[in-house]
S.K.: 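Just dropping this structure here.
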Amino acid sequence: MKMENYEACIGFDLCETPLSTVAQKIMSAMRSGDLMDSRNEGESTKKSKVTKKSSVHYSVLAEHEKNQLLETKNPESLTTLTPRGPIELSPQPSITNLTCQLSAGQVQNSISSLCLSSYLIPQCDQEALLLQNMEHKRKHFLKEDIGKEDMDSLNFKRKYITCSNSPEKANKHTALVKDTGGMESWPNSEDTRALGKKLYDVRYLGDLAKVQLMDALKQAAALVVTLMYKDGSTQLSTKQALTCPVKGIVVLLKSHAGSSPVNLPAHGGALGKDFTCTDHCIYIHTEHSPFWDPKQEAHSLFVRNILFWTLRCKCPVVCFNAKDFVRTVLQLYGEDGSWKHVAGFVGLDPRVAAWLIDPSDTAPSFEDLVAKYLEKSITVKPSSKFSDASRNIVSQNVCVNMKILYDLTMDLCSKLKAYGLWQLFCTLELPLIPILAVMENHRIPVDKEEMERTSALLGARLKELEQEAHFVAGEQFLITSNNQLREILFGKLKLHLLSQRKHLPRTGLQNQLSTSEAMLNSLQYLHPLPKLILEYRQVHKIKSTFIDGLLAYMKKGSISSTWNQTGTVTGRLSAKHPNIQGISKHPIQISKPQNFKAKEEETITISPRTLFVSSKDHTFLAADFSQIELRILAHLSGDPELLKLFQESERDDVFSTLTSQWKDIPIERVTHMDREQTKKVVYSVVYGAGKERLAACLGVTVLEATHFLERFLQKYKKIKDFAQTVISQCHSAGYVTSILGRRRPLPRICAQNQQLRAQAERQAVNFVVQGSAADLCKLAMIHIFTAVATSPTLTARLVAQIHDELLFEVEDPQVPEFAALVRRIMESLQQVQTLELQLQVPLKVNLSVGHSWGHLAPLQETVGSA
DNA sequence: GCGGTGCCACTTTGG
DNA sequence: TCCAAAGTGGCA
């Protein structure tokens, strides 16, 4: 064991008595001024320091290493000091714990050089490295697998029997090895044969064992990670607690089987083929007790070390729902700025892999995936009498499950390769995982007082509207009930008989007369009730979803969404709790309720996005791709008219241009509403909307809509050709793919039912365009995130992604530099050599800034600065 | 009678 | 018989 193998940060407890010799030296060096005290540094310097991010506690070092440290130590070799411990809690801060950093010359693998090297490796190199690692592991794994499948299934059975008969079963979970005397040495192969399903709790490891563990961690061929919750369940448990706090983290260290001769038992033995005997499973307790004690602080440093190592190590890391793992580490140990350390994390997530293969099953459990994809193991048959027992295998023993998880992930990886999804997985989806974790770890401030005022205001207005509605209806009824509303509109008032329109909207399944917005719009001149209902619904939606709903998710005056990477069939992201992608953009006007006399205006404007504000000294910067799907359609179809629209008039807004063309009005006269309508019409038409739908959308007769449809498709002829090509490809292959190879199987493309088949055809066309747009938006996120993470100065945080729009929170002085970076990166996605991507159309980005999300103004960019 | 659950209709967003 | 989401409330 050599010093070179350690991080260069070493922590000391200063409340230990007697004070260790090294600590005494450091203290005296600090007093004499030979040592810099980082407490006196400015905030900005502190942020950029890497010393705090990872360190080894002094107590972890073996005796001879302590001696080595003591010998090599002279004051000059210590460059920084960082106070640790509960200094925030104490009014009179006293140093109770120190971290010192050795100069790079003293220790070769100093933390700073490690960090630098991992940042300086370009993204593609990291991917190449990962690919190489994976390929190596895969080959190795396959080689080992050949001819031993039967043996493995036997082993599973053996383990199961052992497990169910052991006293541990009563415990429901894997027994933790608690050697209160402290385990002095990390177990070798002889010990571990019996420990296939035991967890080593790192709290109870002795100093030497800890050192050996770190070593084993660094030499592991692969790591498998899962979170353990307070109720004892893990990420692999079927019934995963929704909001259960994390108790600890379980890590399976997969060793290079055969790499050490000591670990190789005699040839031919059954146990010799059981690779599990060289693997170790550790449990890392991460819960903090409310009061501080030095032992816990030492443990905390050690844990932090392990976890940050895991996040930046070069070997494959397997984790089911890896995003939750990254976010948990950030919540536990992430300080301001430390998010950059996880930027390069690439964790193999089997759920993401399975979603790429079949995007239609959006939330499979670990157990589901095992049943669906793990070929060699227990196949769970619902009708089998062993079904319950089989399922128990997948839920009882954490260590066994971790090994199954590893196998499952390897199987999924080879499937990804077979489907041509491997590159998409590695270059797009996996790098996105830490980005989403970092987003979830960041909170957006919200104006709570304003929100509560608005809630009361809207509540009052709703009461008024309800009373008016009851009055004009001539009876009391539940205004939110569509059934009751339908009875009044068509049963009592018989408005459908007064309407001139022949085809009134109907509900899907019951085929009743609809009470939708389109219907109410067409009835609004026949009776006052429809208009009141429309206004009621608008106000009610804003209040219940965007004001009260948002308040429910607020903690300490801020909110943070949960981002779902595998929640859509098209590759888009989705957000929930709250769904920040669905928050009203357009302000609504409401007339002032009677009892609100505070203001003089008769109408009040409500805009939910205005409630989102940037933090102090920060600005929101929004960057959105303009007409991304239409541009992609132009590229894919090669339609000359559409291409011309983007290549020539790059300066103008395309939807405004289209509006002025077909409505025959000058472009200056095109209103916002006109533009929105054109947008809706264009997308409806290109994705195959019928004439009735179009008529309803435009508010014109079916005949007029038919004419428009013909004219449009005549002008942009190749759109139809493109759609035909996609549909026929889908017919022959059974699936379609996006620009970066994302796939969507559409089995109904050959359905007998005409309706189902037509739907699948429209979905195929839509997927190719929407999925490709999603690819580009994700690529933009990754490139920008990587650029910021590798920048020594930039600190901009990604706050939200609203499909084509990225919302950042930027430190005020950095806005111009960052804006230029964002524009350059996003527009340069027109061609990406490494992905063989080359669009025929330019990509255009609109930038806007402001201190409130609802009030963003186009950015005035300074040009000409080098 | 009460509370949980799943489905439907409607709304918002994005293209 | 445009596509893709999430949230709310009624209703059985």
Side-chain angles (χ1 to χ4, degrees), chain A residues 359-360 362 477-486 505-510 512-520 533-534 536-550 552-553 561-564 567-586 588 608-609 624-633 654-655 676 679-694 696-697 709 719 723 744 746 753-774 776-777 800-805:
Chain A
S360 62
T362 48
F477 69 104
L478 188 52
I479 201 163
T480 48
S481 163
N482 292 320
N483 284 343
Q484 293 184 27
L485 178 64
R486 189 173 4 256
R506 286 183 176 268
T507 58
L509 275 120
Q510 267 87 6
Q512 290 177 301
L513 285 165
S514 166
T515 58
S516 68
E517 188 180 356
M519 172 69 95
L520 296 178
I533 300 293
L534 283 171
Y536 184 93
R537 283 188 184 162
Q538 188 179 37
V539 177
H540 184 255
K541 171 82 181 179
I542 300 272
K543 176 168 155 60
S544 66
T545 307
F546 304 128
I547 306 293
D548 297 348
L550 218 56
Y553 292 115
S561 287
T562 303
W563 296 91
N564 192 353
T568 68
V569 284
T570 54
R572 278 184 172 185
L573 295 175
S574 71
K576 61 179 183 183
H577 308 319
N579 175 13
I580 199 169
Q581 295 177 322
I583 289 173
S584 275
K585 183 181 203 170
H586 306 298
I588 62 159
R609 289 193 180 184
D624 67 288
F625 281 119
S626 68
Q627 309 102 18
I628 180 108
E629 280 190 23
L630 208 54
R631 283 171 195 265
I632 283 168
L633 181 70
V654 172
F655 288 120
E676 287 300 300
K679 191 167 141 184
K680 196 161 187 166
V681 167
V682 167
Y683 284 118
S684 305
V685 170
V686 302
Y687 295 130
K691 48 188 190 287
E692 291 86 3
R693 180 76 163 226
L694 188 63
C697 183
L709 205 65
I719 291 179
R744 176 169 185 190
L746 285 162
N753 184 324
Q754 155 73 23
Q755 267 190 34
L756 292 178
R757 194 171 66 245
Q759 186 183 28
E761 289 175 354
R762 289 193 304 270
Q763 287 172 326
V765 177
N766 177 264
F767 171 83
V768 174
V769 182
Q770 192 183 119
S772 300
L776 289 185
C777 294
Q801 188 246 40
I802 305 96
H803 305 123
D804 68 321
E805 170 185 344

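Chain A is the first sequence line, chain B the second, and so forth, proteins listed ahead of strands; every chain is numbered from 1.
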S.K.: List for me each residue that meets salt bridge (charged side-chain N to carboxylate O under 4.0 Å, His left out) alongside A:K543, sequence neighbours excluded, and say none if there are none.
M.R.: A:D548
S.K.: For A:V569 and A:F767, which heavy atoms make the closest approach, and how far apart are they?
M.R.: O-CE1, 3.5 Å
S.K.: Output the rounded distance in Å from NE2 (A:H540) to P (C:dT8).
M.R.: 10 Å
S.K.: How is A:A774 classified with respect to the nucleic acid when contacts are heavy atoms under 4.0 Å: base, sugar-phosphate, or nothing?
M.R.: nothing
S.K.: With heavy atoms under 4.0 Å as the rule, sort A:Q755 into base, sugar-phosphate or nothing.
M.R.: base
S.K.: Please report, rounded to the nearest Å, how far the C1' atom of B:dC8 is from the CD atom of A:Q512.
M.R.: 11 Å
S.K.: Are the charged groups of A:E692 and A:R506 less than 4.0 angstrom apart, N to O?
M.R.: no
S.K.: Under 4.0 Å, counting only non-hydrogen atoms across every strand here, what does A:L573 touch: a base, just sugar-phosphate, or nothing?
M.R.: nothing
S.K.: What interatomic distance, in whole Å, is found between C1' of C:dG9 and the corresponding atom of B:dG4?
M.R.: 15 Å
S.K.: Once you round it to whole Å, what is the distance between C1' of C:dG9 and OH of A:Y536?
M.R.: 10 Å
S.K.: Would you indicate whether the side-chain heavy atoms of A:R693 and A:S684 approach each other to under 4.5 Å?
M.R.: no
S.K.: Assign each of A:E692 and A:T362 to its nearest nucleotide of DNA chain C by heavy atoms, then name whichever residue's nucleotide is nearer the 5' end.
M.R.: A:E692
S.K.: Where do A:F655 and A:L630 land on the side chain to side chain contact (heavy atoms under 4.5 Å, CB included) test, with the steps shown first?
M.R.: CA-CA 10 Å; A:F655 288 120; A:L630 208 54; 3.9 Å; yes
S.K.: Checking A:D624 side chain against A:S626 main chain: does a donor-acceptor pair fall under 3.5 Å?
M.R.: no
S.K.: Hey, does A:N564 reach any base, or is it just sugar-phosphate, or nothing, if we go heavy atoms under 4.0 Å?
M.R.: nothing
S.K.: Could you check whether A:V569 gets within reach of a base, just the sugar-phosphate, or nothing at all, counting any heavy atom under 4.0 Å?
M.R.: sugar-phosphate
S.K.: Might you point out which heavy atoms bring A:I580 and A:W563 nearest each other, and give the distance in Å?
M.R.: CG2-CH2, 3.5 Å
S.K.: Looking at A:R762, does any N or O in its side chain come under 4.0 Å of the phosphate oxygens OP1/OP2 on C:dT1?
M.R.: no
S.K.: Taking NZ from A:K543 and C1' from C:dG7, how many angstroms apart are they, rounded to a whole number?
M.R.: 15 Å
S.K.: Mind calculating the distance between CG (A:L550) and P (C:dA6) to the nearest angstrom?
M.R.: 17 Å
S.K.: Taking atom C1' in both C:dG7 and B:dC2, what distance in whole Å separates the two?
M.R.: 25 Å
S.K.: So, OP1 or OP2 of C:dC11: does either fall under 4.0 Å of a side-chain N or O from A:S481?
M.R.: yes
S.K.: Measuring only the C1' atom in each nucleotide, how far is B:dT12 from C:dT1? A whole number of Å is fine.
M.R.: 23 Å
S.K.: Where along nucleotides 9-15 of chain B does protein come under 4.0 Å, by heavy atom, of base (B) or sugar-phosphate alone (S), with - for untouched nucleotides?
M.R.: SSBSSBB
